[in-house]
Amino acid sequence: MNSIHATSGKNKLLKMNVGSLRKLTEEEVDIGFCECCRKQDLKSWENITPDISESIRAVAEFEGAEESIKMNGYSEYHVDGTNYWSKDAPVAIHFYPYHESYINVCMICKAVFLTYTEYAGHGLQNRIRYVDKNLVTDNY
């Protein structure tokens, strides 16, 4: 099942906040390179490929996402000159595109990923980013 569309039927997603997201990242098995999810290649937003889509499963979405969307709209949160594509950009769960993302886990190494569908003028694109626990922020 494609993780982007895992909210249907029997796959009820949990609601997570920044604390539970950080806790989930602690479950990752440190195997370095993972052939299954290729987390090492997904440290910034990338397009999801079919093989990666089959390697992860959606487990949650962000608690209070609707409020974050109302408050921050499509504003991004960046520090120290980062941008959307930066590998060291904050994982700012109350800002775009994080507040619209699903939380996914690799079925092998338990790495955590965020996925969402980009609807901008270039057409639909399903995107993914590995969650580095050191970059997660709860700033508003």
Side-chain angles (χ1 to χ4, degrees):
M1 171 179 285
N2 185 325
S3 61
I4 293 291
H5 305 289
T7 58
S8 63
K10 53 192 162 197
N11 289 343
K12 178 78 172 154
L13 296 178
L14 301 171
K15 297 286 187 177
M16 288 190 160
N17 59 27
V18 71
S20 51
L21 176 64
R22 286 183 177 131
K23 185 176 179 181
L24 185 62
T25 65
E26 296 294 331
E27 296 176 17
E28 180 179 341
V29 178
D30 187 13
I31 60 173
F33 184 86
C34 181
E35 288 285 341
C36 186
C37 68
R38 298 194 330 264
K39 63 185 174 187
Q40 59 284 346
D41 299 329
L42 302 170
K43 293 186 178 188
S44 63
W45 288 108
E46 301 289 341
N47 289 326
I48 298 174
T49 59
D51 59 325
I52 292 172
S53 181
E54 295 299 320
S55 301
I56 61 174
R57 63 179 170 81
V59 296
E61 55 192 345
F62 286 114
E63 172 180 280
E66 291 299 319
E67 291 81 18
S68 293
I69 291 169
K70 286 177 187 172
M71 183 173 35
N72 295 317
Y74 291 97
S75 298
E76 296 179 27
Y77 177 82
H78 292 288
V79 295
D80 301 324
T82 61
N83 63 53
Y84 175 91
W85 302 106
S86 301
K87 292 181 179 186
D88 59 344
V91 176
I93 69 167
H94 299 291
F95 290 85
Y96 180 80
Y98 303 95
H99 57 27
E100 295 184 353
S101 296
Y102 292 106
I103 302 160
N104 301 263
V105 176
C106 172
M107 292 184 276
I108 300 299
C109 72
K110 308 294 185 227
V112 178
F113 297 89
L114 298 180
T115 59
Y116 81 103
T117 301
E118 175 65 53
Y119 293 99
H122 45 67
L124 296 181
Q125 294 182 345
N126 293 322
R127 301 238 173 106
I128 186 167
R129 182 177 182 197
Y130 168 70
V131 177
D132 177 338
K133 64 184 171 192
N134 299 311
L135 296 175
V136 175
T137 182
D138 198 19
N139 292 351
Y140 287 89

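Note that these values count all heavy atoms, side chains included, but never hydrogens, waters or copies made by symmetry. Remember, it's a predicted structure, so these values are computed and weren't measured experimentally.
Considering CD of E54 and OG1 of T49, their distance stands at 10.0 Å, rounded to 0.5 Å. Here CG of L42 is found 11.5 Å from OG1 of T115. Values are rounded to the nearest 0.5 Å. With rounding to the nearest 0.5 angstrom, the CD atom of Q125 is 12.0 Å from the OH atom of Y119. A distance of 15.5 Å separates NZ in K110 from CD in E26, rounded to the nearest 0.5 Å. In this structure, NZ on K87 lies 12.0 Å from CG on D132, to the nearest 0.5 angstrom. For the atom pair CD1 of I103 and NZ of K15, the computed distance is 10.0 Å after rounding to the nearest 0.5 Å.
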Test log, rule side chain to side chain contact (heavy atoms under 4.5 Å, CB included), inputs C109 and C37: CA-CA 8 Å; C109 72; C37 68; 3.8 Å; yes

Working for side chain to side chain contact (heavy atoms under 4.5 Å, CB included), residues V91 and T137: CA-CA 6 Å; V91 176; T137 182; over 6 Å; no

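Residues K133 and E28 are not paired through a salt bridge, judged by the lack of any N-O separation under 4.0 Å between the basic side chain and the carboxylate.
Nearest heavy-atom pair, V59 versus L13, reported as atom, atom and distance to 0.1 Å: C-CD2, 3.6 Å. The heavy-atom pair separating K39 from V29 by the smallest distance is NZ-O, 3.7 Å. Shortest non-hydrogen contact noted between W85 and S44 is O-CB, 3.0 Å. The nearest pair of heavy atoms linking F95 to Y140 is CZ-O, 3.0 Å. Residues S101 and L114 come closest through the heavy atom pair CB-CB, 3.9 Å.
Side-chain contact between I56 and V105 is absent, with no heavy-atom pair separated by less than 4.5 Å. Side-chain contact between I93 and S68 is absent, with no heavy atoms from C-beta onward closer than 4.5 Å. Between E46 and D41, the closest side-chain pair of non-hydrogen atoms is not below 4.5 Å. Between E100 and Y74 the shortest side-chain heavy-atom distance falls below 4.5 Å. With a 4.5 Å cut-off on side-chain heavy atoms, D88 and D80 do not count as touching.
Heavy atoms from other residues, nucleotides or ligands lying under 6.0 Å from OH of Y84 number more than 12. Shown here is D30, whose CG atom has no more than 12 heavy atoms of other residues, nucleotides or ligands within 6.0 Å.
V18 is not connected to I69 by any chain of hydrophobic side-chain contacts under 4.5 Å among Ile, Leu, Val, Met, Phe, Trp and Tyr, and they are in different clusters. Cluster membership check: Y77 does not share its hydrophobic cluster with F62, using side-chain heavy-atom separations under 4.5 Å among Ile, Leu, Val, Met, Phe, Trp and Tyr.
The main-chain N or O of N47 is never found under 3.5 Å from a side-chain atom of R127 such that the two would form a donor-acceptor pair. Counting only distance, with no hydrogens or angles, the side chain of H99 and the backbone of G73 share a donor-acceptor pair below 3.5 Å. The closest donor-acceptor contact from the side chain of T82 to the backbone of H78 lies at 3.5 Å or more, if one exists at all. With hydrogens and angles ignored, the 3.5 Å screen pairs a side-chain donor or acceptor of Q40 with a backbone N or O of C34. Distance alone, capped at 3.5 Å, places no donor-acceptor pair between the R22 side chain and the N17 backbone.
Using the six-membered ring where Trp is involved, Y98 and W45 have ring planes that are tilted, between 30° and 60° apart.
None of D138, N139, N72 except one satisfies the side chain to side chain donor-acceptor pair (under 3.5 Å) rule with H94; the exception is D138.
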